[in-house]
Amino acid sequence: MPRIYIETYGCQMNVADSELMLGVLGREGFVRTDDPAQADVVLVNTCAVRDHAEQKVLSRMGELKRLKRPGGVLGVVGCMAQRLGPRLLERVPQVDLVVGPDGYRGLPELIARARAGERATEVEFKSWEHYEDVPPVRGTQISAFVTVQRGCDYRCTFCIVPMTRGPERSRKLEDVVREVTDLASGGTTEVTLLGQTVNSYDDGTHDFAHLLRAVGRIAGVRRVRFTSPYPTDFTERAVAAMAETPAVCEHVHLPVQSGSSRVLKRMLRRYDRDRYLEVVAALRNAVPGIALTTDIIVGFPGETEDDFRDTLALVALVAFDDAYTFKYSPREGTPATRLKDPVPDAVAGERLERLVAAVRDIARRTNVALVGSAHEVLVEGRAKRGDLLQGRTRTNKIALFPGPDAWIGGYRDVRFTGTTGSTFTAVPLDELAVVG
Ligand code: SAH
Ligand code: F3S
């Protein structure tokens, strides 16, 4: 049987897409291997959101092409494949296949053609494509990513995603419910619903509020997460559904991008600073104790020191639990590349450092205040180092604590005993269970 190796870069949707590809190829008799040197087919699932992500993949390709076996196939899939298309074949002569996010159904055929010596590119958008008939092959049973929406119809001026993932489309609610029901009957208790603007979910009949309630009702589903919502796509109905559906976790990743209304406008985000703060207030009001994380870009064209200070002030005001922070990276073909007043790299770098320090400082303060509190965690496995278990709270905090392997996959109550500033040490509350 042919062996397939997939390496995944970028966001959770790419992780879910790799599981889909394993499903497509599994049906054709491919078996998975964790060793690229043993593989007949090596696929690299890529991200195009920042130049840095692409450079990382290119240097990794340099290593993988040396491992290629005679008759083996090397493919680049995902957003960078979609963005560069045939240019990737020119750039890396050992690459046989270039396939974008809507082309995974064709992988078996494309691989067969590559084996026959053909080099192929498949980068057509298929707005009907949901891979509805493909059962994903998932890495773990404990928690599952479930794609509910593909593509993006927004046009944030910095963002390449609409060009790499095509138009927005939502899966039918019944199909999502069927998949999650199957997962739950296989023992999965936590699902993360995925979409680029997941709360604009709309299958023609049902909206995001319907979706949350329907998934939250499925027997065996104990935790529902979703990522990433667009700040102004939370309807009152959606916020009410979050508050009233016990399984929906008290954490929202709410990308703000900038704290300056002037910059937000140039980014073509559909809210200003005040509107974002209103959304934060509505979420906090409806879901007490909700944790909020975000994405922030610094050095967007035209960003002044005052704009940047607005971002720092917003970070302090909202007191995010965590933030992914990025230096603006111009993406070919996006509107922002035509904006004037680029921010010098050194200035952007310096702002990024200040922002990272501010985010860390605020997160630490929030987390220190949580030491001593008790939380339910889903036990995900052993921590990378040491012999502690690693669990995750409903608010998406990570706790390390002692316990037996038998707890993995289950839920425990723990008390936080300390924090590094971002993660926690903890003790299980149920000491009898430790002995037993
Ligand atoms: N709607 C998607 C966004 C995908 S991109 C989602 O929220 O899942 C993920 C993050 O990368 C964005 O929120 C943004 O902060 C960052 N990003 C996107 N394009 C970028 C660029 N050109 N330069 C720097 N950061 C970027
Ligand atoms: Fe990108 Fe904006 Fe869509 S960040 S993915 S264009 S919502």
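Whatever order the structure lists them in is the order used to number ligands and atoms, beginning at 1.
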Exam field: side chain [X] to backbone [Y], donor-acceptor pair closer than 3.5 Å:
X: Y276; Y: L314; value: no
X: K68; Y: L74; value: no
X: S170; Y: D202; value: yes
X: R262; Y: D307; value: no

For [atom], the protein heavy atom that lies nearest, with its residue and separation:
atom: atom 11 (O) of ligand 1; answer: R50 NH1, 3.0 Å
atom: atom 1 (N) of ligand 1; answer: Q196 O, 2.7 Å
atom: atom 10 (C) of ligand 1; answer: D295 OD2, 3.4 Å
atom: atom 3 (Fe) of ligand 2; answer: C152 SG, 2.3 Å
atom: atom 1 (Fe) of ligand 2; answer: C159 SG, 2.3 Å

Just to be sure I'm reading this right: ignoring hydrogens, which of P330, G299, S228, C159 gets closest to atom 7 (O) of ligand 1? Compare them by their nearest heavy atoms. S228

Under 4.0 Å, heavy atoms only, figure out whether ligand 1 is touched by the backbone of [X], its side chain, both or neither.
X: S329; result: both
X: V49; result: both
X: F158; result: both

Under 4.0 Å from a heavy atom of [X]: which atoms of ligand 2 are those, numbered in the order shown and with their elements?
X: P162; answer: 6 (S)
X: R269; answer: 2 (Fe), 4 (S)
X: F158; answer: 4 (S)
X: T197; answer: 7 (S)

Answer side chain, backbone, both or neither: which part of P255 comes under 4.0 Å from ligand 2, heavy atoms only.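 Answer for P255: neither.
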
With a heavy-atom distance limit of 4.0 Å, tell me whether M163 approaches ligand 2 through its side chain, its backbone, both, or neither.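 Answer for M163: neither.
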
I want to know if ligand 1 touches I296 in the polar sense, i.e. an N/O pair below 3.5 angstrom.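 No.
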
Using a 4.0 Å cutoff against the non-hydrogen atoms of [X], which atoms of ligand 1 qualify?
X: I297; value: 14 (C), 15 (O), 17 (N), 25 (N), 26 (C)
X: R331; value: 22 (N)
X: P255; value: 7 (O)
X: Q257; value: 12 (C), 13 (O), 14 (C), 15 (O)

Which word best sums up how the rings of Y328 and F300 line up, parallel for under 30°, tilted for 30 to 60°, or perpendicular for over 60°?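 Y328 and F300: perpendicular rings.
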
Contact check: C156 to atom 2 (Fe) of ligand 2, N/O/S below 2.8 Å: yes

Short N-O contact, [X] and [Y], less than 4.0 angstrom:
X: R60; Y: E63; answer: yes
X: E122; Y: R105; answer: no
X: R171; Y: E132; answer: yes

Distance-only side-chain donor-acceptor flag, Y154 / D233, under 3.5 Å: yes

Is the terminal nitrogen or CZ of [X] (NZ for Lys, CZ for Arg) located under 6.0 angstrom from the six-membered ring centre of [Y] and within 45° of that ring's axis?
X: R354; Y: F308; value: no
X: R138; Y: F145; value: no
X: R32; Y: Y5; value: no

May I ask whether K327 has any heavy atom positioned less than 4.0 angstrom from an atom of ligand 1? yes

Going through the checks in order, is the side-chain contact (heavy atoms from CB on, under 4.5 Å) test met by H251 and R392? CA-CA 12 Å; H251 168 233; R392 197 178 290 268; over 6 Å; no

